[in-house]
Amino acid sequence: HWNMENMVQFETEIVMNHAPEIGELNTDRVFEGQMFNFEVDAFDADNDDLEYSWDLGNGNLIEDDSVRYGYPDDGIYTIVVSVSDGTVITTKEFELIVENLAPTLQVSYNDFGQEGQTLSFNSQASDVSEDTVSVTWSFPDGTQVEGNFAQYQFTDDGEFLVVVIAEDEDGGQTSESILINIENVAPIFTTLERPTQAQ
């Protein structure tokens, strides 16, 4: 100004905070009812202590760097992970597919009998608590019986195949085939007439 110059020097320190960076979720697919350790890799250039917050997409909120959890039913869930360095919060979403798991099936029965005999069959089917399981028994003549308990009368001897199927509401199926051996039974006399005299 008017060919005159006036300069003043200032010294200051500027500290730039780096926001945390979130990597990928360690899986994108699990089975219903199975416990899994969910983890993400997070990085902070300032080496700040990081705090993690998880929204598992079904109303469960957990604050920890990793989460061990099992989804009670199949479906597609959006997991939201938030990481804070105390100043800045970084958020990232992940899509998780929870696959249906077929029910387990245990069957108890007697694989041997006689023709004309009625045999009993029992089963125990289990699945995650959110799924309803139905059990169906299929017998050689096409007869079908619903439920964990069934009875069937084998009217002839031979080898017969019995099929039992456990199915949940999401289409998961577990089946077991049973081979039953039925033996022949000799006839018995119900009436015997003989002459009282002869020459």
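Just so we're clear, the structure is a prediction, and the values are computed from it rather than from any experiment.
Within the structure, no pair that satisfies the salt bridge (charged side-chain N to carboxylate O under 4.0 Å, His left out) test touches residues 140-153, not counting sequence neighbours. Judged as a salt bridge (charged side-chain N to carboxylate O under 4.0 Å, His left out), not a single pair has a partner in residues 120-137 (not counting sequence neighbours).
Annotation for Q106: atom CD does not count as buried by contact number, only 12 or fewer foreign heavy atoms lying within 6.0 Å. At most 12 non-hydrogen atoms from other residues, nucleotides or ligands lie less than 6.0 angstrom from CD of Q124. The number of heavy-atom neighbours closer than 6.0 Å to CG of L161, taken from other residues, nucleotides and ligands shown, is above 12.
Applying the side chain to side chain donor-acceptor pair (under 3.5 Å) criterion to Q173, with sequence neighbours excluded, gives E167. Residues meeting the side chain to side chain donor-acceptor pair (under 3.5 Å) test with T132, sequence neighbours left out: E169. Under the side chain to side chain donor-acceptor pair (under 3.5 Å) criterion, T155 pairs with no residue at all, not counting sequence neighbours. With sequence neighbours excluded, no residue satisfies side chain to side chain donor-acceptor pair (under 3.5 Å) with S66.
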task = Mind running side chain to side chain donor-acceptor pair (under 3.5 Å) on S120 and Q151 for me, showing each step along the way?
result = CA-CA 4 Å; S120 298; Q151 288 185 319; 3.0 Å; yes
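In this structure the side chain of V80 reaches within 4.5 angstrom of the side chain of T91, judged on heavy atoms.
A donor atom on one side chain and an acceptor atom on the other are found under 3.5 Å apart for Q144 and S138. If you check the side chains of Y69 and N60, you find a donor sitting under 3.5 Å from an acceptor.
Residue E183 comes nearest to D157 through the heavy atom pair C-CB, 3.6 Å, listed as atom of the first residue, atom of the second, then distance. Between G172 and P103 the shortest heavy-atom distance is O-CD, 3.4 Å. The shortest non-hydrogen separation linking A102 to D168 is CA-OD2, 4.3 Å. In plain terms, the two heavy atoms of L56 and I62 that are nearest each other are CD1-CD1, 3.9 Å.
Between N181 atom CG and N110 atom CG the span is 10.5 Å, to the nearest 0.5 Å. Here CG of D65 is found 9.5 Å from CG of L50. Values are rounded to the nearest 0.5 Å. To the nearest 0.5 Å, atom CG of residue N100 and atom CD1 of residue I97 are 13.5 Å apart. Put simply, CD on E95 and OG1 on T78 are 6.0 Å apart, with the number rounded to the nearest 0.5 Å. Taking CD of Q114 as the start and CG of N184 as the end, the distance is 9.5 Å to the nearest 0.5 Å.
Cluster partners of F10, by chain and number: V8. The rule joins Ile, Leu, Val, Met, Phe, Trp and Tyr whenever side-chain heavy atoms lie under 4.5 Å apart. Cluster partners of V162, by chain and number: L105, V107, Y109, L119, F121, V135, W137, F139, V145, Y152, F154, F160, V164, I178, I180, I182. The rule joins Ile, Leu, Val, Met, Phe, Trp and Tyr whenever side-chain heavy atoms lie under 4.5 Å apart. Hydrophobic cluster membership for M7: none, as no Ile, Leu, Val, Met, Phe, Trp or Tyr side chain comes under 4.5 Å of it. The hydrophobic cluster of V128 has no other members, since no ILVMFWY side-chain heavy atom comes under 4.5 Å of it.
Formation of a donor-acceptor pair under 3.5 Å by the T136 side chain with backbone atoms of I165 is not found in this model.
Hydrophobic clustering (ILVMFWY, side-chain heavy atoms < 4.5 Å, transitive): W54 and V98 are in one cluster.
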Return all side-chain donor-acceptor pairs below 3.5 angstrom for residues 17-44, not counting sequence neighbours, or 'none' if the list is empty.
unit_1, atom_1, unit_2, atom_2, d
N17, ND2, D85, OD2, 3.1
H18, ND1, D46, OD1, 2.8
E24, OE2, K92, NZ, 3.0
N26, OD1, E39, N, 3.1
N26, ND2, N37, O, 2.9
T27, OG1, R29, N, 3.2
T27, OG1, R29, O, 3.0
R29, NH1, E99, OE2, 2.8
E32, OE1, D74, N, 3.0
E32, OE2, L101, N, 3.0
N37, OD1, R68, NH1, 3.4
D44, OD2, D46, N, 3.1
D44, OD2, N47, N, 3.2
D44, OD2, D48, N, 3.0

Can you give the donor-acceptor pairs under 3.5 Å from side chains of residues 187-199 to other protein atoms, not counting sequence neighbours?
none

